[in-house]
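Report on one structure; see the data block that follows.
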Amino acid sequence: MDRKEFLSQVGFGAASLLFLNCLSGCSKSADAPATPANVDFTVDLGSSANSPLANEGGYIYTNGIVVAKTVSGNYIAVSQACTHEGASVQYQTSGNRFYCPNHGSTFSTTGAVINGPATRSLAQYNVAVSGTNLRVYS
Ligand code: FES
């Protein structure tokens with residue numbers, strides 16, 4: 001086998017794998033996890049477990065929800081699971097948005113889709129600060 005034949009076979013194999021992977025994974029939007037409903041819980045902002053929320057840009061995952069402190073210092077909460085295939089979204093200070101590292105979908109701070117492949121918004125939850133308690137609720 002010469003170099004050209006090898007590259008041709010490897011290239012075909014890689015393309016085939018991508019195609020087969022896409023067949024099994026590119027149409028799973030309907031399988032994305034359900035968003036948390038009837039939400040009402042409190043995050044202790046004084047707890048070391050929640051220390052990321054002390055800083056602008058920090059975020060935590062709790063109860064299927066990502067709670068973030070935005071670059072402007074406001075708390076926000078949206079469903080954790082990307083509406084495409086369920087990967088955990090991350091808050092990004094650059095762009096002040098949520099980002100899915102799985103396929104690159106981006107969502108606004110209200111959970112609206114900015115860029116796909118996700119087509120459905122993340123659920124947005126209410127937040128209220130009282131002392132060192134942050135209430136997250138539907
Ligand atoms: S899981 Fe595909 S973009 Fe989030």
Side-chain angles (χ1 to χ4, degrees):
M1 176 183 305
D2 66 12
R3 183 172 180 256
K4 187 176 179 182
E5 285 175 333
F6 174 77
L7 290 175
S8 174
Q9 288 183 1
V10 168
F12 178 75
S16 298
L17 282 176
L18 286 172
F19 177 72
L20 291 174
N21 190 27
C22 194
L23 278 179
S24 65
C26 288
S27 61
K28 288 189 174 176
S29 295
D31 296 340
T35 57
N38 301 318
V39 171
D40 195 351
F41 62 87
T42 301
V43 173
D44 179 1
L45 296 173
S47 166
S48 60
N50 301 321
S51 63
L53 294 176
N55 304 312
E56 283 82 10
Y59 64 91
I60 62 166
Y61 299 117
T62 180
N63 299 300
I65 292 173
V66 55
V67 180
K69 188 172 187 179
T70 68
V71 289
S72 56
N74 299 321
Y75 293 102
I76 55 175
V78 297
S79 48
Q80 176 179 335
C82 177
T83 56
H84 180 229
E85 290 184 1
S88 293
V89 297
Q90 305 167 343
Y91 177 74
Q92 285 187 320
T93 54
S94 61
N96 188 31
R97 65 185 186 179
F98 291 96
Y99 168 75
C100 178
N102 210 14
H103 306 110
S105 289
T106 54
F107 304 87
S108 73
T109 54
T110 64
V113 175
I114 298 171
N115 287 306
T119 58
R120 291 179 294 118
S121 299
L122 302 170
Q124 182 183 24
Y125 300 95
N126 301 304
V127 294
V129 178
S130 177
T132 59
N133 289 325
L134 175 67
R135 181 181 174 212
V136 180
Y137 59 103
S138 301

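Just follow the structure's listing: the first ligand is 1, and inside any ligand the first atom is 1.
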* Is a donor on one side and an acceptor on the other found under 3.5 Å between the side chain of S79 and the backbone of A123? -> yes
* Asked: Leaving waters out, which protein N, O or S atoms fall under 2.8 Å from atom 4 (Fe) of ligand 1?
  -> C82 SG, C100 SG
* Y61 side chain to V89 backbone, donor-acceptor under 3.5 Å -> yes
* Would you say the side-chain atoms of T106 pair up with the backbone N or O of N115, donor to acceptor, closer than 3.5 Å? -> yes
* **Short side-chain to backbone donor-acceptor contact, T132 and D44, under 3.5 Å** => no
* Of all residues at least two apart in sequence or in a different chain, which pass the salt bridge (Lys or Arg N to Asp or Glu O under 4.0 Å) check with R135? -> D40
* Donor-acceptor under 3.5 Å (Y125 side chain, P36 main chain) -> yes
